[in-house]
2 protein chains.
Amino acid sequence: MDQDTHVPTIKDVAKKANVSAATVSRVLHNLSGFSDRTKRKVLQVAEELGYRPNAIARGLVNKRTQTIGVLFPNVSGGFSTDILHGMEEAAHENGFSIIVCNTARDGERTMKYLQVLREKQVDGIIFASQVIKDDYVTELAAMRVPVVLVNTLASKDSIPYVKVDDQQAAYQATTYLIQNGHREIAMIAGTLGDRLTGLPRLKGYRQALEDHGIPFSESRVAYGDFQLEGGRSAMEKLLSEAPPFTALFAASDEMAIGAMGVAFEGGIKIPRDLSIIGYDDLIVSRMIYPPLTTIHQPLALMGRSALEMLIALIGGKQEVSNRIVQHRLVERGTVRPLARD
Amino acid sequence: MDQDTHVPTIKDVAKKANVSAATVSRVLHNLSGFSDRTKRKVLQVAEELGYRPNAIARGLVNKRTQTIGVLFPNVSGGFSTDILHGMEEAAHENGFSIIVCNTARDGERTMKYLQVLREKQVDGIIFASQVIKDDYVTELAAMRVPVVLVNTLASKDSIPYVKVDDQQAAYQATTYLIQNGHREIAMIAGTLGDRLTGLPRLKGYRQALEDHGIPFSESRVAYGDFQLEGGRSAMEKLLSEAPPFTALFAASDEMAIGAMGVAFEGGIKIPRDLSIIGYDDLIVSRMIYPPLTTIHQPLALMGRSALEMLIALIGGKQEVSNRIVQHRLVERGTVRPLARD
DNA sequence: GTATAGAGAGTAAACGTTTACTCTCTATAT
DNA sequence: ATATAGAGAGTAAACGTTTACTCTCTATAC
């Protein structure tokens with residue numbers, strides 16, 4: 001009766017194979033200290049019993065769980081999704097599992113997750129595109145596990161990261177609009193307070209303008225939250241309050257798409273009446289119509305990179321260097337060259 | 001020196017508070033068997049030391065990890081993403097963590113994941129929209145953990161699930177096209193061999209046709225894989241090989257969007273020249289232009305439901321009943337009523 | 001023929017909790 | 001004054017592994 005509900009342990013294997021648990025462990029790990037005969041016997045018994053090692057017990061002794069915690073501001077955004085995909089891939093290849101956490105951009109919730117991850121003894125942590133508060137840093141320090149950032153920075157560069165050069169990318173996006181003859185260019189920027197992703201993109205935009213002799217005007221900038229709805233309301237604000245503009249740079253594809261929706265609803269044809277360039281190159285951005293001209297970030301690759309950096313750190317590497325990955329402007333259907341006047 | 005790298009355990013707390021580890025444990029779990037004085041002392045010391053319980057050790061003794069494994073055919077699809085979001089939410093509320101696995105529709109890979117999840121002693125497993133092979137069922141049985149299915153079925157209904165009524169939903173979608181005056185209706189169906197999601201939708205389509213006196217023709221059906229690319233190639237095939245049609249029912253939004261792309265490229269205007277209805281109601285479906293008319297599935301809710309069912313089972317509930325959630329046709333911009341001839 | 005090295009394998013402690021049992025008080029009932 | 005109940009707390013085993021040590025052979029070197 002008991003056999004029916006008992007899941008076999010290493011001891012069961014040991015007993016049935018007439019060896020000690022230690023020997024079974026050695027065989028299973030292919031260490032030394034057993035004869036060929038024993039090895040065969042152990043393997044056969046393990047197979048027979050359907051034995052699987054218990055990673056929890058293993059984790060307890062060698063203080064490794066082969067598990068990594070990943071925190072996203074919103075799991076369901078196309079953005080997080082693409083990054084997650086790359087991470088998952090790399091994790092699987094390296095024998096790690098991923099616990100996903102959706103922080104919903106909420107500081108308290110993030111702290112709660114950090115504690116859970118600590119208790120679960122994850123081997124490392126990745127933060128994706130999220131502002132890193134000091135609280136987090138303190139908690140992370142107490143956890144004594146390596147951390148890697150994707151698409152964000154910690155103060156004083158204290159944590160390794162992989163990201164693109166936001167300012168340069170924004171500069172390029174804006175310049176592209178200018179080269180297409182636009183001079184009245186609005187921007188939907190990221191969260192106002194966000195100095196890490198929001199500000200550099202705004203700076204790139206401003207710099208491009210000024211380098212081409214176009215005065216920057218705060219009145220042509222609206223702030224969103226990188227998400228669809230934020231893009232929509234920013235666009236509405238721009239349309240009603242800003243001086244007229246012929247082109248728009250949105251600091252995220254989601255916001256660009258939100259803005260496009262508002263434009264369509266208002267009878268503004270894209271790109272005929274308004275040119276738009278986004279930032280991210282989500283998978284959906286090429287699915288929509290017209291397909292979005294945007295700054296491509298290799299998101300899956302960035303996820304993969306971050307995970308590989310993290311694994312190196314977990315493996316004992318003392319330091320990894322930050323990685324600036326290459327962005328790229330991809331021309332699709334939402335920017336129209338303006339006829340010279 | 002050692003203090004510097006040592007992470008405090010329950011024993012450290014015990015020693016510093018002059019009590020036994022058992023007492024600390026009792027205090028922390030708010031059981032009985034300690035005075036108020038002791039409680040205060042223990043709590044204070046735990047706080048001072050920055051003590052956090054080790055869930056791995058805990059898991060070892062009470063054979064619970066508060067962790068759930070979730071398997072998706074492709075994490076980066078909008079589909080999985082929305083479901084995951086609902087699950088993550090519910091998991092967090094109930095003190096569970098989620099390990100995500102991307103099976104890439106690969107049987108071997110799935111088995112590998114199942115084994116990892118078994119070793120990691122997850123408390124339960126959720127399969128999302130994936131064909132359940134017999135191999136899996138065997139492995140799952142050996143794991144002795146509860147399983148719940150989302151958007152799929154196992155043979156003989158042996159595993160509880162939450163899904164919509166695919167056949168009825170497809171019937172409704174097709175009927176809607178018919179009621180809008182269409183009689184030449186093509187379909188992009190799911191994977192040919194897939195009897196679980198693919199076939200019912202095909203059946204619903206066929207049934208609706210026949211109930212309205214329209215002969216079903218195999219030549220107007222093309223098969224995709226539920227993903228974007230599959231939709232594109234199916235559409236190309238339909239356009240070149242099928243008899244002309246004025247409307248199209250796609251068994252997934254992704255395929256519908258892929259088909260729309262092909263249509264646009266071919267100069268076919270939607271909905272003027274061709275009406276399209278999809279299936280899923282992904283978040284992106286309302287972001288694109290024109291916004292997709294489709295069958296809404298409450299994906300996040302389904303994810304949440306599945307997770308709650310699973311937790312009930314983990315909690316010892318003997319049985320949960322399957323849940324058929326309500327779908328809904330949402331009218332947006334891709335279906336045009338056909339003028340009566 | 002003895003010393004010795006190394007192969008093969010077992011013993012037991014350790015990882016950090018939880019929990020069943022046990023023990024010692026103090027307070028109350030008789 | 002004694003029996004007894006219950007509060008407060010400790011002891012130790014258990015969970016399933018890994019691993020440092022130890023032990024016993026057999027084979028080889030001399």
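In what follows, every heavy atom counts, from backbone to side chain, and hydrogens, waters and symmetry copies are set aside. Every chain is numbered from 1 and lettered A, B, ... according to where its sequence line falls, protein lines coming before strand lines.
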Consider the side chain of [X], meaning its heavy atoms from C-beta on, and name the nucleotide among [options] that approaches it most closely.
X	options	value
B/Ala22	D/dT17, D/dG10, C/dT17	D/dG10
B/Ser20	D/dT18, D/dT11, D/dG8	D/dT11
B/Ala21	C/dG16, C/dT18, D/dG10	C/dT18
A/Ile10	C/dA9, C/dC21, D/dT17	D/dT17
B/Arg26	C/dG16, C/dA20, D/dG16	C/dA20
A/Thr23	C/dG16, C/dC15, C/dA9	C/dA9

Roughly how many Å is it from [atom1] in [X] to [atom2] in [N], rounded to a whole number?
X	N	atom1	atom2	result
A/His6	D/dC15	NE2	P	9 Å
B/Arg64	C/dT19	CZ	P	12 Å
A/Ile56	C/dC15	CD1	P	18 Å
B/Leu60	D/dT18	CG	C1'	13 Å
B/Lys120	D/dT17	NZ	P	15 Å
A/His29	D/dG16	NE2	P	16 Å
A/Asn62	D/dT17	CG	P	12 Å
B/Asn18	D/dA9	CG	P	12 Å

| query | Does A/Lys16 pair with A/Asp12 as a salt bridge, N-O distance under 4.0 Å? | reply | no
| query | Do NZ/NE/NH1/NH2 and the carboxylate oxygens of B/Glu88 and A/Arg109 come within less than 4.0 Å? | reply | yes
| task | Would you tell me if any nitrogen or oxygen in the side chain of A/Thr9 comes within less than 4.0 Å of OP1 or OP2 on D/dC15? | result | no
| query | Do the side-chain N or O atoms of A/Ser25 get closer than 4.0 angstrom to the phosphate oxygens (OP1, OP2) of D/dT17? | reply | no
| With a 3.5 Å cut-off and just heavy-atom distances, do the side chain of A/Arg37 and the base of C/dG8 make a donor-acceptor pair? | no
Grab the two heavy atoms, one from [X] and one from [Y], that are nearest each other, plus how far apart they are.
X	Y	answer
A/Thr65	B/Ile56	CG2-CD1, 3.7 Å
A/Val116	B/Ser97	CG1-OG, 3.7 Å
B/Met111	B/Tyr136	SD-CD2, 3.7 Å

Answer with base, sugar-phosphate or nothing: what part of the nucleic acid does [X] contact at a heavy-atom distance below 4.0 Å?
X	answer
A/Lys63	sugar-phosphate
B/Ser35	sugar-phosphate
A/Asp36	nothing
A/Ser32	nothing
A/Arg52	sugar-phosphate

| Non-hydrogen side-chain atoms of A/Tyr161 and A/Ile159 separated by less than 4.5 Å | no
| field | Residue met sooner reading DNA chain D from 5', once B/Phe34 and B/Val61 are mapped to nucleotides | value | B/Phe34
| task | Report the base-pairing partner of D/dC23 (Watson-Crick or G-U wobble, both distances below 3.5 angstrom), or none. | result | C/dG8
